[in-house]
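Below, each value reflects all heavy atoms present in this structure, side chains not excepted, and no hydrogens, waters or symmetry copies.
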Amino acid sequence: MNTYIFLYPNTSFFEVTLAAYFMKTKGSVYIVAEEEYQVICTNEGIRVQKDISLSQMKAESVDVFILCGGEIDNIHNKELLFEIIKKCIEDKKIVGGICAGRRLIADAVGDLKFPEKTCVLDHMILSPGNEYVDFALEVGKAADIFVDEEDYQETVDYFKYFKYIGN
């Protein structure tokens, strides 16, 4: 399974780290950025190396495409980003947007209404930034990464409710 996470200057990386952690359990995670950026400096002051340029990304190799929030005015080629979002949606790929990432998806598809809470619309997961745990869980569920309901519930209990089930 191939997960691509789109980053841009002043992106809020914390919103997608748990989703990346979950998706890494079932495949590869790639950082995507625009051509001019080799390294992206996030809102948290973390520098992240890109794996692939947005212009090189092929929708057919994507299983999950994640867009996080941040300063979306720092994205230079929204037209290309919107084309990729639309292609992934048309191809029934999982597309997740958190915080301003929801707005990017809505702008790409046009006239997309979503509630303030985390929601799943077809194969799109849309979430406010403060629900990053719910977002990661829904992305994982949509990608069928959990072994069974018990595995899912243990993950919910640990990451959302801080219940440690140990030895």
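Cluster membership check: Phe6 shares its hydrophobic cluster with Ile84, using side-chain heavy-atom separations under 4.5 Å among Ile, Leu, Val, Met, Phe, Trp and Tyr. Clustering ILVMFWY residues whenever any of their side-chain heavy atoms sit less than 4.5 angstrom apart, transitively, puts Val64 in a cluster other than the one holding Met124. Under the 4.5 Å side-chain heavy-atom criterion for ILVMFWY residues, no single connected hydrophobic cluster contains both Ile98 and Ile105. Tracing side-chain contacts under 4.5 Å through hydrophobic residues (I, L, V, M, F, W, Y), one never reaches Ile94 starting from Met57; they form parts of separate clusters. Under the 4.5 Å side-chain heavy-atom criterion for ILVMFWY residues, no single connected hydrophobic cluster contains both Leu126 and Val133.
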Side-chain donor-acceptor contacts of residues 13-26 below 3.5 Å, not counting sequence neighbours, with atom names and distances?
residue, atom, partner, partner atom, Å
Glu15, OE1, Gly69, N, 2.8
Thr17, OG1, Phe14, O, 3.4
Thr25, OG1, Phe22, O, 2.5

Could you list the donor-acceptor pairs under 3.5 angstrom formed by side chains in residues 156-163, with sequence neighbours left out?
residue, atom, partner, partner atom, Å
Asp157, OD1, Gln153, NE2, 3.0
Lys160, NZ, Asp134, OD1, 2.6

Please list every donor-acceptor pair under 3.5 Å in which a side-chain atom of residues 108-119 meets a protein atom from a residue at least two apart or in another chain.
residue, atom, partner, partner atom, Å
Asp111, OD1, Lys113, NZ, 3.1
Lys117, NZ, Glu131, OE2, 3.1
Thr118, OG1, Ser127, OG, 2.7
Thr118, OG1, Glu131, OE1, 2.6

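For the residue pair Cys88 and Val95, the shortest heavy atom distance occurs at CB-CG2, 3.8 Å. In plain terms, the two heavy atoms of Val120 and Glu138 that are nearest each other are CG2-OE1, 3.4 Å.
The aromatic ring centres of Tyr30 and Tyr4 sit less than 6.0 Å apart.
At least one side-chain heavy atom of Arg103 sits under 4.5 Å from a side-chain heavy atom of Ile72. Here the side chains of His76 and Tyr37 are in contact, with some heavy-atom distance below 4.5 Å. Inter-residue side-chain proximity for Leu81 and Asn77 is flagged as unmet; no heavy-atom pair is nearer than 4.5 Å. Between Glu83 and Leu80 the shortest side-chain heavy-atom distance falls below 4.5 Å.
At most 12 heavy atoms of other shown residues, nucleotides or ligands fall within 6.0 angstrom of atom CD in Glu79. Shown here is Tyr8, whose OH atom has more than 12 heavy atoms of other residues, nucleotides or ligands within 6.0 Å.
Put simply, OG1 on Thr11 and CD1 on Ile75 are 7.5 Å apart, with the number rounded to the nearest 0.5 Å. Taken from CG in Leu67 to CG in Leu7, the straight-line distance is 9.5 Å, to the nearest 0.5 Å. Rounding to the nearest 0.5 Å gives a distance of 9.0 Å between CD1 of Ile89 and CG of Asp122. Summarising the geometry, atom CG belonging to Leu137 is positioned 11.0 Å from atom CD1 belonging to Ile125; distances are rounded to the nearest 0.5 Å. From Lys93, atom NZ reaches atom CG of Asn2 across 9.0 Å, with rounding to the nearest 0.5 Å. In this structure, CZ in Phe146 is found 4.5 Å from OG1 in Thr155, a value given to the nearest 0.5 Å.
Every residue was checked against the ring-ring contact (aromatic ring centres under 6.0 Å, His included) condition with Phe82, not counting sequence neighbours, and none meets it. Residues that satisfy the side chain to side chain contact (heavy atoms under 4.5 Å, CB included) test with Lys50, not counting sequence neighbours, are Ile31, Ala33, Gln38, Ile40, Ser53. In terms of the side chain to side chain contact (heavy atoms under 4.5 Å, CB included) criterion, residue partners of Asp148 (sequence neighbours excluded) are, by chain and number, Glu150, Asp151.
Panel note: side chain Asn43, backbone Asn10; a donor-acceptor pair is recorded below 3.5 Å.
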